[in-house]
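Worth knowing before you read on, the calculation uses all heavy atoms, side chains too, and leaves out hydrogens, waters and symmetry mates.
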Amino acid sequence: MSGYIAFVKKEFTENMKNYRFLILFAVFLIFGIMSAFLAKFTPGILSALAADMEMTSEPVALDAWKQFYKNISGVGFSAFIILFGSCMSNEYSKGTLILMVTKGLSRKAVILAKYTVAAVLMTISYWIGYAATYGYTIFLWNDTNLSNVALAAVSLWIVGFLYLSILMIGCVIFKQTFTSILFTGGVAAFISLLGMIEPIAKFNPFILTSKNVDLISGEVIPAEFLIPAFISVILSLLGLLIAIRLFNKKQL
């Protein structure tokens, strides 16, 4: 346990020094702020630039959340994967893990510590971005009248842990950052493609990233998110266990 805590402290310090957390925080915060403003003012800007363009409807608060989920599930989580895709490759190249493991640090503690720090930094960044969107949406629209906003946000947040578990497997298997990121994208794409198979489509974890707006608008009921959320949590835990098992057998 002491080794795990020490390695967590080391990871937090390292992620602050190399600006990884600062960059991730900035990405999520910028998208959080931009989501509401883009939804509110883009139609007016487009109308001003193209005089013959007529907007069919006025922007509403729901449009801000459309922007938020589109930006975070796309660019936001992509930035997260890219930033932490080197979490193991740097250790491999420097040879620091060999020294630490030979001094008694368990391999399990290494994976758990790296996962913990990445998860915490992602969580802080994500919810700051959410808070920014929520605040500016209320500011720009007096009557939001939206339900399940927090539940939709929690659903997307859960998927972030799934991405991280897949990334940890890739980082353990491959020593190159690019290969780890490519592996994560490939596995995520495969899971997404499984959503095209009708019998199991409604259980796909990535429903949590694609139907958030439908949940807020009332087109989807919260009960439809329960099984995908449960599966996402199970897959995240399974992925973490696989990463630990693979790392225990890996030659450093």
Side-chain angles (χ1 to χ4, degrees), residues 1-30 32 72 75-131 157-185 187-188 232-233 235-252:
M1 189 65 180
S2 60
Y4 165 76
I5 295 175
F7 205 78
V8 165
K9 292 179 180 178
K10 174 255 184 190
E11 283 295 302
F12 268 117
T13 302
E14 188 174 285
N15 279 283
M16 295 298 177
K17 287 183 177 180
N18 61 20
Y19 304 108
R20 189 179 284 158
F21 172 56
L22 180 62
I23 295 171
L24 184 67
F25 182 86
V27 168
F28 277 76
L29 179 60
I30 289 171
I72 297 301
V75 181
F77 280 142
S78 294
F80 172 55
I81 292 169
I82 292 171
L83 285 170
F84 286 90
S86 59
C87 67
M88 293 295 290
S89 60
N90 289 339
E91 305 281 6
Y92 291 141
S93 61
K94 295 176 183 177
T96 53
L97 288 178
I98 299 177
L99 180 62
M100 293 180 183
V101 170
T102 53
K103 286 189 173 183
L105 179 65
S106 72
R107 295 184 176 223
K108 179 181 177 180
V110 172
I111 300 299
L112 289 177
K114 286 185 174 292
Y115 188 94
T116 299
V117 172
V120 169
L121 298 184
M122 180 272 291
T123 297
I124 294 172
S125 302
Y126 177 83
W127 286 109
I128 289 295
Y130 166 83
W157 174 58
I158 288 173
V159 177
F161 293 94
L162 177 56
Y163 282 132
L164 179 56
S165 294
I166 298 170
L167 178 63
M168 290 305 301
I169 295 174
C171 289
V172 169
I173 297 175
F174 306 104
K175 292 188 176 182
Q176 296 79 24
T177 301
F178 175 75
T179 315
S180 302
I181 295 171
L182 194 63
F183 172 83
T184 305
V187 174
S232 183
V233 171
L235 290 178
S236 298
L237 293 174
L238 180 61
L240 182 57
L241 292 174
I242 291 173
I244 292 172
R245 186 173 181 82
L246 290 175
F247 190 59
N248 283 336
K249 296 182 177 181
K250 189 176 183 66
Q251 183 176 357
L252 299 178

**Q** So which atom in Ala79 and which in Val27 form the shortest heavy-atom distance, rounded to 0.1 Å?
**A** CB-CG1, 4.2 Å
**Q** Please give me the minimum heavy-atom distance between Ile166 and Thr184, naming the atom from each residue.
**A** CG2-CA, 3.7 Å
**Q** What's the separation between atom CG in Leu238 and atom CZ in Arg245, rounded to the nearest 0.5 Å?
**A** 11.5 Å
**Q** Where is the tightest heavy-atom contact between Leu167 and Ser180, given as atom of each residue plus distance?
**A** CD1-O, 4.2 Å
**Q** Where do Phe183 and Gly170 come nearest, in terms of heavy atoms and distance?
**A** CD2-CA, 3.4 Å
**Q** For Ile181, enumerate each residue passing the side chain to side chain contact (heavy atoms under 4.5 Å, CB included) test, keeping only those at least two apart in sequence or located in another chain.
**A** Ile81, Ile82, Thr177
**Q** Using the side chain to side chain contact (heavy atoms under 4.5 Å, CB included) criterion, which residues pair with Thr123? Sequence neighbours excluded.
**A** Trp127, Trp157, Phe161
**Q** Are any side-chain N or O atoms of Ser86 and backbone N or O atoms of Ser89, one a donor and one an acceptor, separated by less than 3.5 Å?
**A** no
**Q** Could you work out, with side chain to side chain contact (heavy atoms under 4.5 Å, CB included) as the rule, every residue matching Val233, not counting sequence neighbours?
**A** Ile158, Leu237
**Q** For side-chain contact (heavy atoms from CB on, under 4.5 Å), just list the numbers for Leu121 and Phe12, CA-CA rounded to whole Å, side-chain angles, deciding distance to a tenth of an Å, and then say yes or no.
**A** CA-CA 9 Å; Leu121 298 184; Phe12 268 117; 3.8 Å; yes
**Q** Before giving the answer on side-chain contact (heavy atoms from CB on, under 4.5 Å), spell out for Tyr126 and Ile72 the whole-Å C-alpha distance, their side-chain angles and the decisive distance to 0.1 Å.
**A** CA-CA 8 Å; Tyr126 177 83; Ile72 297 301; 3.8 Å; yes
**Q** Whether the Arg20 and Asn15 side chains hold a donor-acceptor pair (N or O, under 3.5 Å, no angle test) is what I'd like checked.
**A** yes
**Q** If a pair satisfies salt bridge (charged side-chain N to carboxylate O under 4.0 Å, His left out) and one of its residues is in residues 113-123, list it, with sequence neighbours excluded.
**A** Glu11-Lys114, Glu91-Lys114
**Q** Looking at Val117, Thr13, Leu112, which hits side-chain contact (heavy atoms from CB on, under 4.5 Å) with Val8?
**A** Val117
**Q** Return yes if a side-chain donor-acceptor contact under 3.5 Å exists between Tyr115 and Ser165, otherwise no.
**A** yes
**Q** Please tell me if the side chains of Phe174 and Met88 come closer than 4.5 Å, counting only heavy atoms from C-beta onward.
**A** no
**Q** How close do Gly85 and Cys171 get, heavy atom to heavy atom, and via which atoms?
**A** O-SG, 3.5 Å
**Q** Could you list the residues that satisfy ring pair (Phe, Tyr, Trp, His ring centres under 6.0 Å) with Phe84, not counting sequence neighbours?
**A** Phe80
**Q** Considering the options Leu241, Ile244, Thr116, which one meets the side-chain contact (heavy atoms from CB on, under 4.5 Å) requirement together with Ile111?
**A** Ile244
**Q** How long is the span from the CE atom in Met122 to the CZ atom in Phe77, to the nearest 0.5 Å?
**A** 5.5 Å
**Q** With a 4.5 Å limit on heavy-atom distance, are the side chains of Leu240 and Leu164 in contact?
**A** no
**Q** Phe21: what forms a ring pair (Phe, Tyr, Trp, His ring centres under 6.0 Å) with it, not counting sequence neighbours?
**A** Phe25
**Q** Does atom NZ of Lys10 have more than 12 heavy-atom neighbours, drawn from other residues, nucleotides or ligands, at distances under 6.0 Å?
**A** yes
